[in-house]
Protein chains: 2
Amino acid sequence: MKLTILFGGASYEHEISIVSAITVMQKLPSFDINLIFCDEEHHFYKIDKKEMKAKSFSSAKYKKMPLLHVSRGGFELKKTFSKELIDAPVLNLIHGGDGEDGTIAALLDFYDIEFISPRKEACVFSFDKGYTKLLADSLAVKTLDYEILSQGDKPSISVPFIIKPARLGSSIGVSVVKDESEIDYALDVAFEFDERVVVEPFIADVKEYNLAGCKINEEIRFSIIEEPQKQEFLDFDKKYRDFSRSSKVNEAKLDNIMVEKLRASFSKIYGRLFEGALIRCDFFVIDDEVYLNEINPIPGSMAHYLFDDFESIIRELLNSLTKRKRVEVNYQYIHSINQAKGK
Amino acid sequence: MKLTILFGGASYEHEISIVSAITVMQKLPSFDINLIFCDEEHHFYKIDKKEMKAKSFSSAKYKKMPLLHVSRGGFELKKTFSKELIDAPVLNLIHGGDGEDGTIAALLDFYDIEFISPRKEACVFSFDKGYTKLLADSLAVKTLDYEILSQGDKPSISVPFIIKPARLGSSIGVSVVKDESEIDYALDVAFEFDERVVVEPFIADVKEYNLAGCKINEEIRFSIIEEPQKQEFLDFDKKYRDFSRSSKVNEAKLDNIMVEKLRASFSKIYGRLFEGALIRCDFFVIDDEVYLNEINPIPGSMAHYLFDDFESIIRELLNSLTKRKRVEVNYQYIHSINQAKGK
């Protein structure tokens, strides 16, 4: 089965995307894979599989590989006397800006290229943690209380709390504030990455569970549920290593009622909004109640380690993709007006 | 001042966009205008000003005009031995899908082209009437009560009510239901255009006021407030004619307190979300309280008829546009990992 892995992007998570793509490629051995890299200037390159290692990018060696242009139905490679169209469906693996903010989804949609990715509406709600709260509220999925601050605002809740830039993933710019003396610095850090910042109470030793899934033929296919390794939160370095992980994880020990609660919350969030995407939702459980912490609309290395048969999931998801309904333009009104005018 | 008017699109409002573009071009006589047409296949054409009339499109004559490709910084016209880049900032005048759903904004952003238009986040909240409600709620702007229906659902509120497809403008698929016998037909009509439908109480003789504006250098510049012509609602035919209107309107007779209330609601909605756009908000006033009815993120013919000096507004808005902050990729993590590995 053919698949194009699209990675890179003009994003703070550019490097994470490279690592993620290297991992996912290895986890799909039976696929016929094209690799397309988007550099920070938004140029696309066709990457030779043999050169698919971090150094090809950090050394700018990729710039010697063939340049591609987005075109109707795929990515076009111009040769001296001909053109080649890479028209395989795309797996959008650009984490952070471009990939998770809806830009790439809109671009692929506009050019009629099939793709696995959250669509732009889903991206807008998951990329911005403030909008994620609105979405969850509207679907009756609980989240922690929160405040949204703009530059100059101070949190009104008391320590300990966690401060996050509204629109970044991979824990970039995130701080746990345990003492009031740390507030200003933590705010400065977060405001480096966004003009809006989310503040939430920090709950020590809160139970965390991660669940991934995607809708295939109207049915959600769930991954196993993971209880992530216990540490306050993953900082960028740890997350970076985490994105390249290749081993399976152990399933969390949960009773059926809790498994169903977590799945029900996942299903509400996924809804129709995330169709076409494989996402991971990170939940808290407090007093047996499920709270949505975060939606990862393009999880690191596609959360392959949570699925028993990752290749089958991706294959079936690809087969179930539906194209955007095309609008037919028939100039009915212009014709009728011209007729009325005798033209 | 240079400006590219982009119009057309694969949208139910394709024809309205053509009419809108013809009108706006006439209302900006001192501008040096390029006209770029996006057809239903998503091909771009450079339209000769002399051919800027409805018939050039309905007769497919536009297909003989030069084809353009989006490229970094502008639209590229390939000539036999050279290339021309149309790099003027773009006024996104594509109404409905493509233009108002965030696709065009994402495309222009990706290719580093400056533009007047709601950005993709703003589009997602204004294109879908259900999401508009979430946005308004979160900003403490009142809206009418509502229900969102999926295929098979029935309204639980009693007649009279108004049924609208969640994601279309220009009154397409909208019905006022006054008798229960009309419900099924009205739902069928609305579901032709969207899989989700919004139902709201219909309030006869409700006071309606339209207010347009845009933020220029951190300050919102308001239009006059119009009380639109009294009819139940504008259907597509009437709206079509409305989009080509060229005369100024009379200002609504309102006391200062109400003007300030309407402006305050507009400002809350506009916020930072709509920066870069000139929008029109349509409000109801019931018992002296302001309710948001609809956000028109790309109003018909840019609501030029509501501004005393439309050319100055567009000129100043163009001058105040800020480019998207670029992310710098420095491969710091890959370098440090390679160093640790001794590479």
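Chain naming here is simple, since letters A, B, ... match the order of the sequence lines and numbering starts at 1 in each. Only a predicted model underlies this, so the values are computations on that prediction, with no experimental measurement involved.
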Segment of Phe57(A) engaging chain B (4.5 angstrom heavy-atom cut-off): both
task: Identify which part of Glu41(A) has an atom lying under 4.5 Å from any heavy atom of chain B, answering side chain, backbone, both or neither.
output: both
- request: Sort Cys123(A) into side chain, backbone, both or neither according to what part of it lies under 4.5 angstrom from a heavy atom of chain B.
  value: neither
- prompt: Looking at Phe274(B) versus Phe125(B), is the centre-to-centre ring distance below 6.0 Å?
  reply: no
- request: Before giving the answer on side chain to side chain contact (heavy atoms under 4.5 Å, CB included), spell out for Leu135(B) and Leu273(B) the whole-Å C-alpha distance, their side-chain angles and the decisive distance to 0.1 Å.
  value: CA-CA 10 Å; Leu135(B) 177 71; Leu273(B) 188 60; 3.8 Å; yes
field: Max heavy-atom pair count under 4.5 Å with chain B, selected residue of Val329(A), Leu107(A), Val124(A)
entry: Val329(A)
field: Test: Glu147(B) and Lys133(B) ion pair at under 4.0 Å
entry: no
query: His43(A) versus chain B, heavy atoms under 4.5 Å apart: side chain, backbone, both or neither?
result: side chain
task: Have a look at Phe44(A) and tell me which of Tyr111(A), Phe75(A), Tyr62(A) forms a ring pair (Phe, Tyr, Trp, His ring centres under 6.0 Å) with it.
output: Phe75(A)
message: Less than 4.5 Å to any heavy atom of chain B: does that hold for the side chain of Ile148(A), its backbone, both, or neither?
response: neither
field: Donor + acceptor pair across side chains of Asp98(B), His14(B) (<3.5 Å)
entry: no
query: Are Glu218(A) and Arg272(A) close enough for a salt bridge, meaning some N to O gap below 4.0 Å?
result: yes
statement: Max heavy-atom pairs within cutoff under 4.5 Å with chain A, candidates Ser138(B), Ser11(B), Gly130(B), goes to Ser11(B)
- prompt: Arg196(A) versus chain B, heavy atoms under 4.5 Å apart: side chain, backbone, both or neither?
  reply: neither
